[in-house]
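Below is one structure, written out as C-alpha cells; comments come after it.
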Amino acid sequence: MAKGILRAKAKAKGGNTVVKIMAKHAMETGNRKDKSGNKIAANYIQTLSVAYQGKTVMETNMGTAISKNPYLAFTFVGGAKGDELEMTWTEITGATATETAKIK
Amino acid sequence: MNKTISLVAALMMVSSSVAAQSFDDAFNAQRAMYGKGHSFTFEGQTYTTDHPEEVAAAVEANADNAAKLLAAAKDQHAQVVALDFDWTLTKKLLKASAKALAGGDFRKSMDISAQAQYHARMGMVQYHQSQKEWVIAVPE
Amino acid sequence: MMNRRSVLKAVFTGGLVAGLGVLMPRVALAAWSKAAFEAETQEAAMGALYEADPSASAEVTLKAPDIAENGAVVPISVKSSLAGVTSIAIFVANNPQPLAAQFTIPEGTLADVSCRIRMGKTSAVTAVVTTNSGSFSASKEVKVTIGGCGG
Amino acid sequence: MKIIKSMLVGASLALVASVSHAASSGNTLATVDPEADRLALQSYFQKRFPKVAVSDYVNGIYALDAPSREQWQEIEEFPPYEFDIEEGEELFNTAFANGKSYADCFANGGEGIRQNFPRWDEAQGQVVTLELAINQCRESNGEKALGWKKGKIAKISAYMASTSRDNVFDVQIPNDAAKAAYLDGKQSFYARRGQLNMSCASCHVAGANILIRADLPGPTLGHVTHFPVFRSKWGELGTLQRRYGGCQKNVRGTPQKTQGEKFRNLEFFQTYMSNGLVVNGPGARK
C-alpha cells in the first residue's frame, strides 16, 4: 500500500493513549499569490477525524490558519498497545482518504 | 532606504578603523550626520561631505558624461567581483543607471553610477581591511 | 488524487452543510461550518458558532508563546478543567479568516489539544471551550515579528 | 526605525570590540592551532553563558533563549523533517542505473558517518563535504549531480545525519594542506563582508543571543551539528551551504559559490569548532 499523507505517533500510557498526528500538506490558504500575481487556489485539509475501535475519539475542523504540515495532539481514555487507529482526512477539494496507525 | 544602508555601512567602517579622529573619521561622521553637499572644517580646512564619485558626477549631465561614469562604475564593480566581495545592491544600481541612460535621464544615471562606483570601491576597501583585521575578532 | 466522484460528493456535502446552516445556524458542531471558517471577523465567526458570546474563564488554559518565533508555525495548546467539554475552538483575531480550528471532544477524550497555527501579524489568540452549560474563553496576545535573518 | 537599526548594529559592534584581543592561535599557517581555536571558542561561550553546558550548544539558539526553546520543543514533538528523513532513506536506498547505490560509495554503507564530514581528501587535495561526496558518488556512477541547496540532496543528507545521531563530531586535520584549508575557512568566518560590513562572527560569536532586528542569532559552537535543517522560513529542508548563502545576502553581500572552495573551507573550520559535540541533525529551526 502506498504511504498516505499522515504520520502518527500514538502511545498507550497509564490507561490513556496520547496521539500525535502530522499530515504532509501545503495547506494553501487561497490568500497567497504566485509570481505572476494570480491567486493560488485554496487547498487545505478541512477535516481530520480519528476513530478507535469504531468510536470517534477526535474530530477536527481546520481553517486557513492551520500551519503547513498540520499537527494535532490529543489524549483519549483507553487504547492498548498494538490496537489500531483509523484516521480520515478530507481536503477542501473533496479528496479524502482513511489511513491507519498502530498504538505503541 | 538605500541611503540609510550605506550610512550604516559608513558608520561601521568608522568603528572598525583603528586610528582615532582621523580625517576619515571626521568625514564619515559628518557624512552620516548631514548627507552629501554639506561643508565642515577639519584642522582649519574646509571640506565637503561629498564622496569622490559624487564630485566626479557633478559635471554637465549629457550622454557622453553619463556613459563615461557608468563605464567607470562597471569597471570598479568588475574589480570587486573579482575579489568575491561585491555588495548585492551594486548590480541593481548599475542596471538602474543603464536604464536611466537609455531613457535619456542623464542626471539620474550619473547620480546612480556615482553611488554604484562608491559601493564597489567600498567593497574593495572592505576586502583589504578584512584581510588585515579579521584576526581581531577571534576570541582569545 | 481527486476523482470525479469525490468532487461530486464534496459539492453535495457542501450544499448540505449550507442548507443546514440556514435551518439551524448555531448547532452545526461536527460539520465544517463554511459560515464560521470563512468569516472575516472574529465576531462573525463566533456568531456563527455560539449562541452567546463566550465568557472568560480561568478554567480554560491557553498555552501560546509571547513572541512567536515564526508566524508560520505557532504552537498552541488548549486545556480545560471544566466538566462536560464538547468542543474547543481557536481564533486568531487578526487573521484574514479568524477561525483556525475546531475540535470536537467526544466523551472519553480529554479536553487537552495541541496544534500549530499561522499568524499573519501580532494578534489576540482566543480559545473557546464549549461545555453542556455554555462557552468559555481564554485569550492571549501573541506578537509576530518580521525578522531580518531568521523570520 | 532606521536609527534603532543602526544602534543595534552599533551595539553588536561594540561587543566585537570588547572581545578583540590578540588571539593565542595565529593567523598564519605556521602559527595557527586549530585545537587552541576550538578551546578558546568554547571558553568564550562558557564565560558568556556560564549556566549553559557545552553539550547543549548542539541546540543552537535554543540552548540560550528559553522562550524560543519552548516553542522549538513543541515543534520537535513532531518535527516537520520526519517526512524528509523518510524520503531521504528511500532515495538513499534506490539503486543507480548501474545497479550500485550510495551505500557503495561510503564507509560503513553510509550509515553513522556524518560526524566525519567535512573531511580532508588527500587524493583530491580538497575539503569534501557530505553533500559533495553524495554528488561525487552519483557522478562516479554515471548519474547527474543533484542541486546543492535543497530537495533530494538535503533529504539524503538528512537521512545520513539521522543514522549518525549522537555520534561525536571528529573532523581531522591530517596535514599542512588541510590546515591551510582550515585557516582559509577561519579567515572567511571572521572577515567582514557585504554592505552591512558584518562577518559570520559578528552575529554568531559576539552577536549570539543579542537581538539583531527581531532575531536572536545562534552561537557558532554547535552551529553545524543539526544541519540540514527544516527552517520554518523556508517551509522546507535546506543544507548548511544554502544557509551560508542566505547569511551573506542578509549582510547585503553577493553570496559566494555553493560548494565552492571558500564555502567548503568555511564548513571545515566551522565543523572543527564543533568537534566533541554530537550529531543531532536534521533539525528544525525558525
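Letters go in sequence order (proteins before strands), and every chain restarts at 1. The basis for the numbers below is simple: all heavy atoms, side chains too, and nothing from hydrogens, waters or symmetry mates.
Within a 6.0 Å sphere centred on NZ of A:K68, heavy atoms belonging to other residues, nucleotides or ligands number more than 12. When the shell of 6.0 Å around CD of A:E84 is examined, it contains more than 12 heavy atoms from other residues, nucleotides or ligands. Shown here is C:E40, whose CD atom has no more than 12 heavy atoms of other residues, nucleotides or ligands within 6.0 Å.
If you measure heavy-atom distances from A:Y44 to chain C, the contacts under 4.5 Å come from the side chain alone. For A:M22, the part sitting under 4.5 Å from any heavy atom of chain C is the side chain, from C-beta outward, and nothing else. Only the side chain of A:K55 comes within contact range of chain C, judged by heavy atoms closer than 4.5 Å. Heavy atoms of C:N95 lying under 4.5 Å from chain A belong exclusively to its side chain. With a 4.5 Å cut-off on non-hydrogen atoms, C:L99 touches chain A through its backbone but not through its side chain.
One N or O on the side chain of C:R118 and one on the backbone of A:I66 form a donor-acceptor pair closer than 3.5 Å. For the pair C:T109 (side chain) and A:F76 (backbone), a donor-acceptor distance under 3.5 Å is absent.
Most heavy-atom pairs under 4.5 Å with chain A: of the set C:S114, C:A100, C:C115, this distinction falls to C:S114.
Side-chain atoms of C:W32 and A:T90, non-hydrogen and from C-beta on, never get closer than 4.5 Å to each other.
Going from atom OG1 of A:T60 over to atom CD1 of C:I105 covers 8.0 Å, rounded to the nearest 0.5 Å. With values rounded to the nearest 0.5 angstrom, C:T104 atom OG1 is found 8.0 Å from A:M58 atom CE. For the atom pair CZ of C:R116 and CG of A:N69, the computed distance is 9.0 Å after rounding to the nearest 0.5 Å.
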